[in-house]
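Proteins come first, then strands; the chains are lettered A, B, ... in the order of their sequence lines, and each starts at number 1.
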Amino acid sequence: MDLGLDVSERNGYTVLAVRGEVDVYTAPRFRERLIELVSEGKHRIIIDLEGVDFLDSTGLGVLVGGLKRLRSHDGDLLLVCTQSRILKVFEITGLTKVFSIYDSVDDAVGAAS
Amino acid sequence: MDLGLDVSERNGYTVLAVRGEVDVYTAPRFRERLIELVSEGKHRIIIDLEGVDFLDSTGLGVLVGGLKRLRSHDGDLLLVCTQSRILKVFEITGLTKVFSIYDSVDDAVGAAS
Amino acid sequence: MIDERAVQLEIPAGAEFVALARLVVSAMASAETQLSDDRVDDLKIAVSEACTNAIEAHDALETDERVLVQCWADDDHLEVRIEDRGTGFDVSNLPEHPPVTDPERLKFERGLGIPLIRALVDEVEFASSGEGTAVRLVMRHDEELDGNGLRP
Amino acid sequence: MIDERAVQLEIPAGAEFVALARLVVSAMASAETQLSDDRVDDLKIAVSEACTNAIEAHDALETDERVLVQCWADDDHLEVRIEDRGTGFDVSNLPEHPPVTDPERLKFERGLGIPLIRALVDEVEFASSGEGTAVRLVMRHDEELDGNGLRP
Ligand SMILES: Nc1ncnc2c1ncn2[C@@H]1O[C@H](COP(=O)(O)OP(=O)(O)O)[C@@H](O)[C@H]1O
Ligand SMILES: Nc1ncnc2c1ncn2[C@@H]1O[C@H](COP(=O)(O)OP(=O)(O)O)[C@@H](O)[C@H]1O
């Protein structure tokens with residue numbers, strides 16, 4: 001199963017675009033990439049979930065872990081997601097209150113700066 | 001599993017466009033539709049396989065049966081197929097020698113008239 | 001017990017096989033015209049959570065027992081059973097997490113699976129012992145839900 | 001006998017479940033980076049043929065026994081076993097069809113399944129008795145084929 005992880009830069013933010021299915025099998029790669037970015041000094045990260053086909057609690061765990069790690073560096077983690085089936089898992093778990101979720105990378109960058 | 005069977009008319013030919021997977025489960029519907037057309041007096045039929053995602057020997061059986069039925073009415077059965085994975089099963093079974101296979105419905109109509 | 005029309009998938013307790021369980025259940029569920037795509041998606045998540053837990057419970061034991069996923073469609077519902085031979089657990093005694101508004105909440109990257117399952121399916125039942133765990137998930141057909149919503 | 005890393009799918013002997021067998025095998029085969037998409041497609045057809053035969057062999061008996069599909073990846077090949085509890089048959093004694101150039105050929109709408117299986121997979125083995133039939137399909141990794149092509 002493929003998990004796509006593409007990194008780009010945008011207005012001082014690092015954008016990590018995730019593609020494919022995030023579950024117990026693929027989450028470790030996602031987690032490692034995120035930790036790698038943080039340790040490279042990228043402390044303002046946008047995670048673009050628009051290409052994600054599936055995400056369960058393992059994926060939520062990676063995001064929560066990432067947010068915690070970035071906060072401890074006074075950094076920021078923003079999410080981009082408009083897919084209702086993905087937003088639903090954030091809503092059920094109450095994580096919409098923990099994350100800032102935007103409709104597009106542009107919106108996220110705009111709101112933050 | 002969905003099998004799409006769309007009928008249209010084209011230059012005196014009846015075109016049956018098949019979509020989806022043709023296997024032991026869906027073939028009976030395909031076979032019935034074909035028999036129906038023949039008994040409605042449609043004796044010049046083009047079967048368009050371009051929308052077919054999967055076809056095994058059960059599907060080949062429906063086509064052979066259709067050709068036999070049409071020939072007994074002095075009719076004609078032409079196939080449209082460009083997908084190599086579908087053409088492959090015709091080649092292996094030698095049925096490329098039995099059927100006239102065209103690249104498009106236009107080609108089939110053109111070659112026949 | 002298991003319906004003779006059930007489909008059964010047996011997978012090794014490895015993370016790479018959870019996607020296969022989702023695939024089989026979602027193919028079965030999609031064939032049920034009375035379940036909307038949204039509800040098939042919900043069921044996929046619940047199955048993924050239950051299989052993930054099953055596999056983690058096997059990891060803990062370092063056993064090479066396998067995980068069983070059974071799925072069948074009844075007149076008015078679709079049922080999925082996920083069975084493992086892992087450690088077992090006490091479902092009535094799971095740790096409580098701080099509310100999401102509490103900054104402490106961020107300490108918890110886990111423990112979201114069972115709450116998700118409960119929210120996403122119409123019925124869930126856990127049967128767990130030292131021998132392993134069986135999770136039963138039920139999705140009632142949408143027609144039924146639109147009607148009187150009685151349990152079968 | 002069956003590898004502990006095998007995935008096993010058990011389906012009722014109904015035509016509607018053949019698609020599920022194709023789905024599972026093709027997901028397993030696609031995960032094998034050494035098998036090209038074309039060869040995964042070939043394997044799907046072979047599995048479909050074998051499952052169709054298995055189900056028809058059960059129909060003949062009017063039994064509600066189930067069909068077993070096992071699939072596992074080895075170092076250098078992918079292996080699929082399809083087992084039924086149907087009538088069994090004598091694979092060395094199948095009817096011969098007239099050549100395709102003969103107009104008589106059109107009398108035969110059937111009997112294309114086993115020739116297709118033989119042409120599409122790298123190795124096939126039938127074991128059949130009054131108890132039922134087991135078909136073993138092997139797809140060797142493309143690397144292996146590019147090399148000396150020795151059987152494992
Ligand atoms: N099948 C199972 N076997 C053993 N323990 C389980 C099983 N399912 C759940 N548990 C226990 O319940 C806890 C909570 O599960 P869950 O809500 O899915 O969150 P998580 O798996 O992220 O911890 C797990 O950590 C585990 O201890
Ligand atoms: N699993 C099986 N159990 C019993 N008989 C079988 C089985 N597979 C094949 N056969 C027999 O071999 C014949 C040829 O099979 P095949 O080449 O697939 O063509 P078809 O199924 O279209 O007849 C079948 O008609 C059947 O009699």
> Does E49(C) use its side chain to pair, donor to acceptor, with the backbone of D56(A) at less than 3.5 Å?
Replying inline: no

> Less than 4.5 Å apart, any side-chain heavy atom of L112(C) and any of V89(A)?
Replying inline: no

> To the nearest 0.5 Å, how far apart are CG in N53(C) and OG in S57(A)?
Replying inline: 7.0 Å

> So with a 6.0 Å cut-off around CZ of R31(A), is the heavy-atom count from everything else above 12?
Replying inline: yes

> From L120(C) CG over to K88(A) NZ, what is the distance, rounded to the nearest 0.5 angstrom?
Replying inline: 6.0 Å

>> What part of L55(A) gets within 4.5 angstrom of chain C, counting heavy atoms only: side chain, backbone, both, or neither?
In response: backbone

>> To the nearest 0.5 Å, what is the distance between CG on D38(C) and OG on S84(A)?
In response: 6.0 Å

> Are I55(C) and V24(A) close enough that some pair of their side-chain heavy atoms sits under 4.5 Å apart?
Replying inline: no

> Does any heavy atom of chain A fall under 4.5 Å from the side chain of D42(C), the backbone, both, or neither of them?
Replying inline: side chain

> Take atom CD in E131(C); do more than 12 heavy atoms of anything else shown fall under 6.0 Å from it?
Replying inline: no

>> With side chain to side chain contact (heavy atoms under 4.5 Å, CB included) as the criterion, how do V64(A) and R110(C) come out once you've worked through the C-alpha distance, each side chain's angles and the decisive distance to 0.1 Å?
In response: CA-CA 9 Å; V64(A) 170; R110(C) 312 202 32 148; over 6 Å; no

> How far apart are the C-alpha atoms of T58(A) and T52(C), what are their side-chain angles, what is the distance that settles it, and do they pass the side chain to side chain contact (heavy atoms under 4.5 Å, CB included) test?
Replying inline: CA-CA 9 Å; T58(A) 325; T52(C) 301; 4.2 Å; yes

> What side-chain hydrogen bond (donor to acceptor under 3.5 Å, both in side chains) pairs are there with at least one residue in residues 23-32 of chain C, not counting sequence neighbours?
Replying inline: E32(C)-H141(C)

>> Does F54(A) form a side chain to side chain contact (heavy atoms under 4.5 Å, CB included) with I45(C)? I'd like the steps, not just the answer.
In response: CA-CA 8 Å; F54(A) 179 85; I45(C) 295 174; 3.7 Å; yes

> With side chains defined as the heavy atoms from C-beta onward, is the minimum distance between R22(C) and D23(A) less than 4.5 Å?
Replying inline: yes

> In Å and rounded to the nearest 0.5 Å, what is the NZ to CG distance from K44(C) to D53(A)?
Replying inline: 7.5 Å

> Is the count of non-hydrogen atoms from other residues, nucleotides or ligands lying under 6.0 Å from D37(C) atom CG greater than 12?
Replying inline: no

> What residues, two or more places apart in sequence or in another chain, satisfy salt bridge (charged side-chain N to carboxylate O under 4.0 Å, His left out) together with E125(C)?
Replying inline: R136(C)

